[in-house]
Amino acid sequence: MLLASPRGYCAGVDRAVIAVEKALERFGAPVYVRKQIVHNIHVVTELEKKGAVFVEEVDEVPPGAHVVFSAHGVSPAVVNAASDRGLRAIDATCPLVTKVHREAVRFARDDYEILLIGHVGHEEVEGTAGEAPDHVTIVNSPEEADTIEVRDPSKVVWLSQTTLSVDETMETVRRLRVRFPELQDPPSDDICYATQNRQVAIKKVAKDADLVIVVGSANSSNSVRLVEVALEYGAKAAYRVDYADEVEQAWLEGVETVGVTSGASVPEVLVQQVLDDLAAAGYRDVQEVRTAEEDLMFSLPKELRQDAAGKRDDRALGGRSRS
Ligand code: SF4
């Protein structure tokens with residue numbers, strides 16, 4: 001068994017989950033959360049048991065209640081709607097998503113047309129696009145880059161969702177640049193460190209794996225990308241599962257080497273259950289394939305940085321996969 005590392009929780013997910021837990025401790029249940037705090041069904045179910053109530057929109061939250069914005073970020077329209085309703089908002093948007101929001105605001109202020117590479121309908125893309133709706137055009141795939149039209153080809157910049165396939169995004173950019181040679185790059189990588197690191201690790205695992213199992217939920221963009229990347233880089237088969245009991249016996253037939261990884265919103269306990277089941281099926285020789293060290297940390301959302309006695313709590317939180 002080849003176990004990819006880094007895998008699992010990133011710093012932004014860790015922070016968002018702890019934010020909900022802290023909010024529940026501090027303010028008591030229920031604490032409302034707009035959308036899934038992170039895209040993992042297990043995490044959401046566990047938080048529900050503790051008193052979190054997940055809603056689609058802020059108009060489902062009773063006036064005056066606490067509402068947490070998810071790690072994927074929200075548009076200014078959502079922030080305003082929460083404020084108009086008198087909600088006490090706690091913003092658990094990952095700081096690396098906020099960074100992309102700021103880029104969008106800045107380029108829109110300078111009257112650039114922003115080509116936002118990302119998946120239509122994904123919460124993060126909706127939030128980023130909502131910062132500058134009149135300046136953003138979403139590019140959903142490399143093929144769309146061939147047909148998209150812009151107002152002024154001398155004033156275009158591309159930004160991206162944080163959880164895309166690096167290779168596919170670069171292909172989209174290549175095609176865009178053929179059509180718009182003056183296309184500007186973002187000031188720094190928008191695809192975040194966690195997404196990139198997990199893709200690099202699974203590429204290394206995939207070339208030696210008959211089968212790759214990715215633990216992660218169907219709506220987790222970075223988890224789904226890991227399946228695609230594994231197949232692209234040589235895995236003979238790759239599947240995504242939420243839980244160990246979804247691994248089918250038939251997948252293991254004739255398989256000598258299994259690669260295992262997990263998306264950035266997946267607690268390690270779910271990976272451990274897969275490893276235990278695979279060990280029971282005879283895959284006991286486990287080798288870790290480590291391609292990066294992670295030690296990024298984020299502090300809690302500012303709304304939670306004061307303890308009950310009113311003292312500031314600026315402790316930094318870290319991704320649980322750091323070593
Ligand atoms: S995957 Fe990246 S952008 Fe998303 S929460 Fe994690 S660190 Fe932040």
Side-chain angles (χ1 to χ4, degrees), residues 12 34-36 38-39 56-57 69-81 93-192 194-196 199 217-226 228-229 263-265:
R34 181 187 176 273
K35 309 278 186 189
Q36 292 192 348
V38 298
H39 285 157
E56 279 305 298
E57 286 305 338
F69 297 145
S70 80
H72 309 101
V74 290
S75 68
V78 173
V79 176
N80 293 340
T93 303
C94 176
L96 299 181
V97 173
T98 303
K99 184 201 77 155
V100 185
H101 281 223
R102 291 210 185 101
E103 290 169 356
V105 170
R106 203 189 91 202
F107 283 108
R109 201 188 310 124
D110 292 344
D111 204 25
Y112 275 82
E113 185 156 352
I114 299 163
L115 302 180
L116 178 60
I117 303 173
H119 296 130
V120 171
H122 189 282
E123 285 137 60
E124 182 188 321
V125 170
E126 285 175 357
T128 306
E131 292 284 1
D134 297 339
H135 287 79
V136 170
T137 303
I138 298 167
V139 186
N140 201 38
S141 67
E143 292 70 37
E144 274 196 23
D146 298 338
T147 55
I148 215 125
E149 295 297 337
V150 301
R151 267 181 297 132
D152 175 1
S154 71
K155 224 165 175 196
V156 270
V157 61
W158 70 273
L159 302 179
S160 86
Q161 190 179 332
T162 56
T163 51
L164 300 180
S165 152
V166 175
D167 296 344
E168 188 178 283
T169 303
M170 288 305 117
E171 171 60 12
T172 306
V173 172
R174 189 191 65 74
R175 291 194 192 192
L176 285 172
R177 189 155 278 130
V178 167
R179 300 193 53 226
F180 315 118
E182 291 177 66
L183 179 71
Q184 271 207 34
D185 293 322
S188 59
D189 282 354
D190 287 342
I191 298 181
C192 76
T195 300
Q196 297 197 33
Q199 287 176 18
S217 286
N219 61 345
S220 160
S221 170
N222 79 89
S223 302
V224 174
R225 301 292 84 76
L226 287 171
E228 294 168 358
V229 170
S265 46

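Keep in mind that what you see is a predicted model, and the values were worked out from it rather than measured.
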Taking 4.0 angstrom as the limit, do Asp185 and Arg177 come out as a salt bridge? yes
Checking the side chain of Gln161 only, and the main-chain atoms of His119 only, is there a donor and an acceptor separated by less than 3.5 Å? yes
Please check if any side-chain donor atom of Ser221 sits under 3.5 Å from a side-chain acceptor atom of Arg225, or the reverse. yes
So, Gln196 side chain and Ile191 main chain: donor-acceptor pair closer than 3.5 Å or not? yes
Verify the distance criterion only: is there a donor paired with an acceptor across the side chains of His122 and Asn219 at less than 3.5 Å? no
Stepwise side-chain contact (heavy atoms from CB on, under 4.5 Å) check, Leu116 with Val125: CA-CA 8 Å; Leu116 178 60; Val125 170; 3.9 Å; yes
Heavy-atom donor-acceptor pair, Lys35 side chain to Val74 backbone, under 3.5 Å: no
Side-chain donor/acceptor of Asn140 to backbone N/O of Val120, under 3.5 Å: yes
More than 12 heavy atoms of other residues, nucleotides or ligands under 6.0 Å from CZ of Arg102: yes or no? no
Lys99/Ser188 under side-chain contact (heavy atoms from CB on, under 4.5 Å): CA gap, chis, key distance, verdict: CA-CA 10 Å; Lys99 184 201 77 155; Ser188 59; 3.0 Å; yes
Between Thr162 and Glu124: side-chain donor-acceptor atoms closer than 3.5 Å: yes
Consider salt bridge (Lys or Arg N to Asp or Glu O under 4.0 Å). Of Arg179, Arg174, Arg175, which one does Asp146 pass it with? Arg175
side-chain contact (heavy atoms from CB on, under 4.5 Å) for Thr172 and Leu164? Distances and angles first, verdict last. CA-CA 11 Å; Thr172 306; Leu164 300 180; over 6 Å; no
Can you name the nearest heavy-atom pair linking Gln184 to Tyr112, along with the distance? NE2-OH, 2.6 Å
Tell me if a side-chain donor or acceptor on Gln199 pairs with a main-chain N or O of Asn222 at a distance below 3.5 Å. no
Answer whether the closest heavy-atom distance between the side chains of Asp190 and Ile117 falls below 4.5 Å. no
If we count only N and O atoms by modelled type, under 3.5 Å, do the side chains of His39 and Glu123 hold a donor and an acceptor together? yes
Are Asp167 and Glu171 close enough, and set up right, to give a side-chain contact (heavy atoms from CB on, under 4.5 Å), and what steps lead you there? CA-CA 6 Å; Asp167 296 344; Glu171 171 60 12; over 6 Å; no
Are Arg106 and Glu103 ion-paired here, with the side-chain N under 4.0 Å from a carboxylate O? no
